[in-house]
Amino acid sequence: MSEPQFACINGELIPKEKAFVPLYDHGMLYGDGLFEGIRVYNNRVFKLDEHVARLYFSAKALNIELAIDKTAMIADIVKTAKANGHVNGYIRVTVTRGEGLGLDPKHLKGKANVYISCEQLALYPKEMYENGLIVVTVSTRLPSPDVIDPRVKCTGKYINNIMAKAEANRYGAGEGLMLTREGYVGEATGDNIFLIKNGAITTPPASIGILQGITRDTVIDLARGFGIAVSEPIITQYDVYNADEVFLTGTAAEVIPAVHFDGRDIGDGKPGPITRKLIAAYRDLTQSTGTPVA
Ligand code: PXG
């Protein structure tokens, strides 16, 4: 992109090439931070209130004190999107506990740091949305909810997801399916999973140890709006292999069919009709709703 690009650090817009993280930022030292990935579609920020709400719930859970309230955060996010002039884009909000050496939060200077940037991001090529993804179950397990509550979207936890993604890459798969410690189906490395069987939808319950995705909630609403039953039972690999259709959801991946798991075709190995219907409905919604940027 030829136009100047900006990041927003603690409310101040800075040319992107001059935007740096302090050496002793707790996020840098210990992964002591939170993040949100948010999309801009058609000059509107999609599900902005929901992302900011999740960020503040995560901050509360980790006792990270922000200097600004949700209204000011929303204004800074919109300001950053606007400054970068992306009609469609991907906003990253990162909050860290602050600056200071040593684990003890009482050594931190000042309040949490807030970093906001905006990029272009296409996670998968267009063909994958038409033909579907190949997925493998990875050996990297989800952290147990008694260690870190999965609803907390904290940066440090993601080393596990990165290792899982690298494992999927080694198999040449588009995504890795992560299981809970007990071996139940959890989620992909950056996406939630949905199964369709006999016209009804299932997805693992958030309490099993997964992120309660905003795209997940959106797709559940869309499906119910179509009169499709959605439930959240415990799901096993057997259920995945024997589903009629499977798809993944996430802000970055959006809604994407998954047609092949661990060497088995799902159904006939092609994206199914309900998946296609939900992809179309999700696209319509992203184009027509959201917080205006301009
Ligand atoms: N599970 C996990 C583990 C995630 O990290 C989702 C599900 C989907 O949640 P949303 O709210 O996006 O529907 C996520 C989301 C990134 C990146 O920077 C990570 C996510 C989303 C977007 C980008 O790689 N995680």
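Counting convention: from 1, in listed order, for ligands and their atoms alike.
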Please identify which atoms of ligand 1 are closer than 4.0 Å to at least one heavy atom of G213. 9 (O), 10 (P), 11 (O), 13 (O)
Using distance alone, decide if ligand 1 has a nitrogen or oxygen within less than 3.5 Å of any nitrogen or oxygen in R216. no
of all protein heavy atoms, closest to atom 15 (C) of ligand 1 is K153 NZ, 3.4 Å
Rounded to the nearest 0.5 Å, what separates atom CG in N113 from atom CD1 in I9? 8.0 Å
Can you sort out which atoms of ligand 1 are near Y158, meaning under 4.0 Å from one of its heavy atoms? 2 (C), 3 (C), 4 (C), 5 (O)
Got an N/O contact under 3.5 Å between R54 and ligand 1? yes
May I ask you to list the atoms of ligand 1 that are less than 4.0 angstrom from any heavy atom of R92? 16 (C), 18 (O)
Numbering the atoms of ligand 1 from 1, which are under 4.0 Å from a heavy atom of N161? 3 (C)
Which residue and heavy atom of the protein sit nearest atom 2 (C) of ligand 1, plus the separation: E187 OE1, 3.4 Å
In ligand 1, which numbered atoms sit nearer than 4.0 Å to a non-hydrogen atom of G190? 1 (N), 2 (C), 4 (C), 5 (O), 6 (C), 7 (C), 8 (C), 14 (C), 15 (C), 25 (N)
Regarding D76 and K79, does a basic nitrogen lie under 4.0 Å from an acidic carboxylate oxygen? yes
Can you list the atoms of ligand 1 that are under 4.0 Å from a heavy atom of A252? 22 (C), 23 (C)
The closest protein heavy-atom partner of atom 13 (O) of ligand 1 is T215 OG1, 2.6 Å
Between M178 and N160, is there a side-chain heavy-atom distance shorter than 4.5 Å? yes
May I ask you to test the F46-T289 pair for a side-chain heavy-atom distance under 4.5 Å? yes
Note, K47 side chain near I38 side chain (heavy atom, < 4.5 Å): no
Polar side-chain atom of R92 near backbone of I116 as donor-acceptor pair, under 3.5 Å: no
For T189, take its heavy atoms, then give the atoms of ligand 1 lying under 4.0 Å from any of them. 3 (C)
Can we call the ring centroids of F35 and Y158 under 6.0 Å apart? yes
With respect to I214, determine whether any N or O atom, backbone or side chain, lies less than 3.5 Å from an N or O atom of ligand 1. yes
Could you say whether the N/O atoms of T251 and ligand 1 ever approach to under 3.5 Å? yes
T215-E254 side chain donor-acceptor pair, cut-off 3.5 Å: no
Answer yes or no: is there a side-chain heavy-atom contact under 4.5 Å between I68 and K111? no
Under the 3.5 angstrom rule, does the side chain of E119 hit a backbone N or O of I91 as a donor-acceptor pair? no
Closest approach of any protein heavy atom to atom 17 (C) of ligand 1, naming residue and atom: Y90 OH, 3.3 Å
